[in-house]
Amino acid sequence: MRKVYSKIESIEGNVISVHAEGIRNEDLAVVTSRHGESLAQVIRLDGDQVFLQVFSGGRGVSTGDELRFLGHPMQVSFSDNLLGRIFTGSGVPRDNGPELTENLIEIAGPSVNPAKRIIPRNMIRTGIPMIDVFNSLVESQKLPIFSLSGEPYNPLLARIAMQAEVDLIILGGMGLKYDDYLFFRDTLEEGGALSRTIFFVHTASDPVVESLMVPDLALAVAENFALNGKKVLVLLSDMTNFSDALKEISITMEQVPSNRGYPGDLYSQLASRYEKAVDFEGAGSITILAATTMPGDDVTHPIPDNTGYITEGQYYLRNERIEPFGSLSRLKQMVNKKTRSDHRPLMDGMIRIYAAYKESMEKKSMGFRMSDWDNKLLKYGTIFEREMMDLTVNIPLEKALDKGWQILAECFTPEETGLRSELINEYWPKEAIESEKQGEGES
Amino acid sequence: MTSGKVISVNGNMVRAEVDGDVSLNEVAYVIVGDQRLKSEVIRVRANTVEVQVFERTRGVGIGDQVEFTGEMLSVELGPGLLTQIYDGLQNPLPKLAEKHGFFLKSGVYLDPLPRESKWQFTPKASVGDTVERADTLGIVPEGVFEHQIMVPFSFYGTYKVKSIVDAGEYTVDDTIAEIEDEEGTVHKLTMIFDWPVKRSIDAYEERLKPTEPMITKIRLIDGFIPVARGGTYCIPGPFGAGKTVLQQITSRNAEVDIVVIAACGERAGEVVETLKEFPELIDPRTGRTLMERTVIIANTSSMPVAAREASVYTAVTIAEYYRQMGLHVLLLADSTSRWAQAMREMSGRLEEIPGEEAFPAYLESVIAAFYERAGVVRMRDGSLGSVTIGGTVSPAGGNFEEPVTQATLKVVGAFHGLSRARSDARKYPAIHPLESWSKYESSLDHAKQTYAQEILFKGNEVSQMMKVVGEEGTSLNDYIVFLKSDLIDSVYLQQDSFDPVDASVSVERQRHIFDVIFDIISAEYDLKEKEEARNYFNQLRQKFIDYNGTEWDSTEFHEQEKDIRETFEKRKTGVDEEAEYLLQKQESDRG
Ligand SMILES: Nc1ncnc2c1ncn2[C@@H]1O[C@H](COP(=O)(O)OP(=O)(O)OP(=O)(O)O)[C@@H](O)[C@H]1O
Ligand SMILES: [Mg+2]
């Protein structure tokens with residue numbers, strides 16, 4: 001039997017310490033207090049002093065409470081019985097279903113050997129032109145949605161999850177509003193996807209530390225399903241809450257913060273989670289879509305900033321639209337050479353002109369006279385925003401590309417677009433050329 | 001050997017109490033069950049020693065055994081380094097994958113160089129010769145290179161060759177020579193030896209000033225912010241601005257013998273692109289695959305942090321080793337900020353007094369010392385070799401006013417600063433042409449390049465002014481200057497990295513098309529209105545973009561050029577005096 005310790009030495013924030021022997025780094029323990037049981041994890045050893053972070057928080061823990069070490073690090077059960085189930089951030093059922101204890105696996109395991117990775121190759125079609133045309137999503141990609149807190153990032157995540165052809169959806173909720181949790185559940189249910197979904201949900205009313213385990217639990221389960229040949233989509237919402245929990249612990253541990261109170265290892269912490277996205281040769285894959293709300297709409301805030309340096313791009317959600325600037329899929333070039341020969345040049349060309357439109361808008365707002373060119377750009381921008389950027393648009397990639405050419409032809413002459421002549425010859429809408437010729441003939 | 005016991009565990013820092021002598025930077029192993037976790041001594045205080053563990057420390061407990069090796073953290077040098085993919089500690093990743101499958105396994109350290117391979121050795125030294133460290137004993141072919149088997153760099157003093165094997169096939173463990181030192185002790189030598197990673201290899205005669213250009217085949221770099229062989233440069237930029245893509249295309253196209261890629265704390269997926277594609281891509285200089293000139297050190301972001309710190313040193317040591325053979329080596333490190341962050345994490349755990357943004361106070365000197373390992377050097381046999389270092393920097397919030405960028409800018413020879421505005425507008429490579437600088441010599445005609453730079457500068461001023469006074473408040477002449485600078489930007493500075501032709505442009509072609517550009521921008525035109533001017537320059541731009549897409553020296557290339565020249569001759573009325581003056585001045589300076 002494992003020894004029970006009944007003398008908690010210190011309680012500071014969510015970190016407690018005890019004197020104990022034979023304990024190993026990252027081992028788990030159970031704290032039994034008046035409010036029930038909570039898991040705690042060893043985060044530091046100093047002589048016989050052991051520091052643990054308590055998942056349910058330090059509040060309510062008393063120095064007289066009991067602490068029992070389990071002799072192993074955090075684990076999670078892995079089997080098909082997980083499907084359709086809902087768990088807390090500590091891995092305990094929150095759906096009245098039975099506790100699962102079979103086939104326990106390690107969480108936050110070692111990373112994939114880079115030599116075993118393969119080049120991502122499958123596009124995930126979403127029907128959203130701002131994604132499919134301009135920033136294609138790719139199987140095994142890790143990609144966050146950068147968003148202001150009021151934006152519909154959860155509906156966007158749910159929509160992509162429903163539209164993507166994956167075998168399994170795992171939702172990791174961190175500080176998720178209860179309503180949002182219900183929204184995910186209902187949407188997946190309506191779409192008939194609930195039976196292939198697993199939830200690890202930490203809600204806004206749960207203790208902060210408990211959110212720290214969510215990505216590791218979700219990803220460990222995802223990894224094992226992927227090794228068994230499943231295409232898994234992991235949704236993590238909201239990674240900002242996860243990062244804030246990290247910050248809280250590090251401040252309690254008196255680590256010197258590097259930037260606005262966040263620990264210096266925030267980058268490594270986030271990377272070790274996001275890098276779990278992978279395509280296993282001969283087996284399945286993990287794709288990670290996360291929500292990262294930007295405190296103060298500031299993309300240079302340490303959380304979005306570190307995230308951007310880790311993930312393979314980001315979708316920038318603003319005014320209920322995916323912004324072309326700031327949004328980026330770094331894997332798009334892996335798949336958009338195989339779609340259609342105009343995909344790449346059209347995507348770059350349209351954005352370049354959209355950038356020029358923004359400049360004209362600026363000039364206009366400052367009261368300058370609009371030249372013919374400016375007016376063309378203004379027209380273009382308006383149509384582009386309405387026909388491409390609006391999130392209600394739901395069309396396949398090929399249709400969206402055709403629409404792109406139509407928009408260009410509606411607004412410009414071919415050489416004003418800066419696109420290569422061979423492309424123009426192939427794709428420029430024929431009617432447009434006809435009518436232009438006629439126009440010239442008449443004048 | 002000294003041993004000790006664990007007395008505290010804090011992340012990847014473990015403190016041990018020891019029973020004997022320990023030196024700084026010595027390798028130790030923390031023994032956890034059947035695992036031996038490699039570590040490096042980073043602080044010694046009386047009999048308390050702090051080690052940074054190169055693996056995850058899950059499961060380490062108080063009282064665990066620590067063994068000290070007495071050896072510094074080193075890399076193994078010898079034939080067979082090329083084509084390898086190592087982690088930061090020189091573990092061969094493909095071999096590890098063969099043994100352990102999809103996941104990395106802690107506590108497993110394999111031989112960096114293959115033991116079974118046989119190398120065709122040809123002796124170059126003879127019995128009775130006097131040799132010093134780094135002198136060539138023989139050669140083996142490694143890909144297209146003559147790999148020199150040298151007297152180990154740690155063999156100070158002079159030696160006599162007592163024996164040397166005949167030409168033939170040997171493994172790296174076979175003795176190939178015996179040499180006798182001044183005291184009469186005989187040392188058996190194989191084809192490999194170790195060198196501590198944190199010491200620069202200094203077995204050369206003289207260090208020279210970098211003057212030869214290192215051609216990247218990127219127009220903007222070679223023409224406006226060049227890099228010299230043996231020089232240093234940095235690429236700071238916010239996330240997604242194009243640092244990695246820039247390094248990837250440089251690693252393919254740069255005119256050097258060998259490329260060492262240090263993927264330091266960045267995405268694993270990016271390394272995969274390189275390691276899957278290089279074996280398929282042919283290097284036009286040698287006709288062999290790019291992999292045959294490449295060494296990859298991959299310590300990606302989810303791999304242990306302490307090994308990340310070691311990885312840049314592993315990479316630069318391998319680069320210096322090949323330089324010693326009279327080769328030109330390019331080291332690309334992506335990202336040096338991750339390396340600096342690894343130092344910061346460790347410094348925090350050591351509770352050192354933090355400097356700015358919690359980086360250690362010695363950050364600057366460590367960065368300076370790293371870039372100092374670049375250079376052109378002359379060997380004892382007169383041959384020249386070089387190590388060029390290019391490092392990316394990932395500043396927090398994309399703001400260059402931060403410790404790592406600032407410390408790097410103090411020591412490098414060229415600054416390629418990426419701009420968010422340019423990458424947002426898909427103007428690639430997103431290097432800011434006006435803010436970036438280089439201390440090295442451009443491959444373009446000096447006077448013409450200076451003139452183009454001026455146009456860019458003035459064009460920028462006009463465009464800034466236009467934001468205030470509008471197009472209507474801008475004179476036609478100013479507007480044309482703006483159009484000219486925009487033309488240089490869109491058809492010369494911008495380059496399509498994914499186009500088969502445009503992706504890499506030889507210096508020959510760069511000079512050739514730059515002359516065409518110069519003729520266009522230095523001309524005066526018969527243009528009456530802004531609208532007309534804009535249309536005219538749009539036309540030129542269109543033709544030039546098509547021109548950039550044609551194969552060098554092909555019929556289409558010449559036809560397209562003719563078309564461009566005809567288009568601009570039609571409207572040309574003269575040449576700008578300033579341009580004529582610059583050319584004449586250069587002429588007279590030369591004469
Ligand atoms: N020269 C280029 N041509 C075309 N696209 C480019 C170019 N450079 C960058 N891009 C686009 O920008 C994306 C991001 O580039 P890259 O990965 O090099 O950024 P980075 O600066 O290394 O970012 P991070 O700091 O996050 O690693 C690429 O995936 C590609 O889509
Ligand atoms: Mg990068």
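Chain naming here is simple, since letters A, B, ... match the order of the sequence lines and numbering starts at 1 in each.
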Q.
For the backbone of A/R44 and the side chain of B/N10, can you confirm whether one donor and one acceptor N or O come within less than 3.5 Å of each other?
A. no

Q | Under-4.0 Å salt bridge between A/R330 and B/E266 | A | no

Q | Which residues share a side-chain contact (heavy atoms from CB on, under 4.5 Å) with A/M366, sequence neighbours left out | A | A/F368

Q) Side chains of B/E531 and A/S371: donor-acceptor distance under 3.5 Å anywhere? A) no

Q) CZ of B/R15 to CG of A/D46: how many Å apart, nearest 0.5 Å? A) 6.0 Å

**Q.** Contact list for residues 351-362 of chain A, test salt bridge (Lys or Arg N to Asp or Glu O under 4.0 Å), sequence neighbours left out
**A.** none

Q) Could B/R338 and A/Y309 be counted as a cation-pi pair, given that NZ or CZ must be under 6.0 Å from the ring centre and within 45° of the axis? A) yes

**Q.** Salt bridge flag under 4.0 Å for residues B/D499 and A/R420
**A.** yes

Q: Among B/N538, B/L275, B/V271, B/T57, single out the residue with the greatest number of heavy-atom pairs under 4.5 Å to chain A.
A: B/T57

Q) Given that the side chain runs from C-beta out, which part of B/S394 has a heavy atom under 4.5 Å from chain A: side chain, backbone, both or neither? A) both

Q: Mind checking salt bridge (charged side-chain N to carboxylate O under 4.0 Å, His left out) for B/R344 and listing every partner two or more places apart, or none if nothing turns up?
A: none

Q | Short N-O contact, A/E415 and B/R541, less than 4.0 angstrom | A | no

Q.
Quick check for you: to the nearest 0.5 Å, what is the distance between A/M370 atom CE and B/E472 atom CD?
A. 8.0 Å

Q | Sorted by number, residues from residues 276-286 of chain A in contact with chain B (heavy atoms, under 4.5 Å) | A | A/F280, A/E281

